[in-house]
Amino acid sequence: MRMTSKKRKKDDWDDGRVIAPMDGVQSPFGRGGRKDKANGVEVTKKERRAIVKAFFCIMLPRLLVVLLAFGLVALLMYLWLS
């Protein structure tokens, strides 16, 4: 029996389409450079520091809530297991 009479089925799971391009253009630390420069927005050193300071002022209360929650859970576990 010869295999030439039957046509082999071609794998069709890879049709060559790109669903999510992974060329690093969208990454702020990839080949595309920083996001603010890629969008044409110039941010000065003073503005960048103000942005970082505002971010930390916003995130600090959230961090404290998470740390207090972990501390409360640890205290409850200590009281329950002792």
Side-chain angles (χ1 to χ4, degrees):
M1 185 167 207
R2 299 179 82 182
M3 292 296 267
T4 56
S5 63
K6 293 182 182 179
K7 290 187 177 181
R8 290 185 178 219
K9 185 177 179 183
K10 182 181 175 186
D11 290 337
D12 60 349
W13 57 270
D14 185 16
D15 58 358
R17 291 184 292 167
V18 177
I19 303 301
M22 299 293 175
D23 56 0
V25 174
Q26 293 83 10
S27 173
F29 303 110
R31 292 181 298 187
R34 306 269 318 173
K35 275 188 178 178
D36 50 3
K37 290 181 182 177
N39 291 336
V41 177
E42 293 291 330
V43 179
T44 64
K45 197 174 195 179
K46 188 175 181 181
E47 290 172 337
R48 188 178 305 274
R49 285 183 183 164
I51 291 169
V52 169
K53 184 178 176 183
F55 174 75
F56 281 128
C57 287
I58 290 172
M59 294 306 288
L60 184 63
R62 296 176 185 178
L63 176 66
L64 292 176
V65 167
V66 169
L67 290 177
L68 286 173
F70 276 114
L72 180 63
V73 168
L75 177 68
L76 290 174
M77 286 177 58
Y78 174 75
L79 293 174
W80 182 34
L81 296 176
S82 61

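Treat the numbers as computed from the prediction; the structure is a model and nothing was measured.
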Inset, instruction - Grab the two heavy atoms, one from Glu42 and one from Glu47, that are nearest each other, plus how far apart they are. - result: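 Shortest heavy-atom contact: O-OE1, 4.0 Å.
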
Inset, instruction - Please report the shortest heavy-atom distance between Cys57 and Pro61, naming the atom on each side. - result: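 Reported closest heavy-atom pair: O-CD, 3.3 Å.
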
Legend entry - Close side-chain approach of Leu68 to Leu72, heavy-atom, < 4.5 Å: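 No, every pair of side-chain atoms sits at 4.5 Å or beyond.
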
Legend entry - Hphob cluster co-occupancy, Leu63 + Ile58, side-chain heavy atoms under 4.5 angstrom: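 Different clusters: Leu63 never reaches Ile58 through Ile, Leu, Val, Met, Phe, Trp or Tyr contacts under 4.5 Å.
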
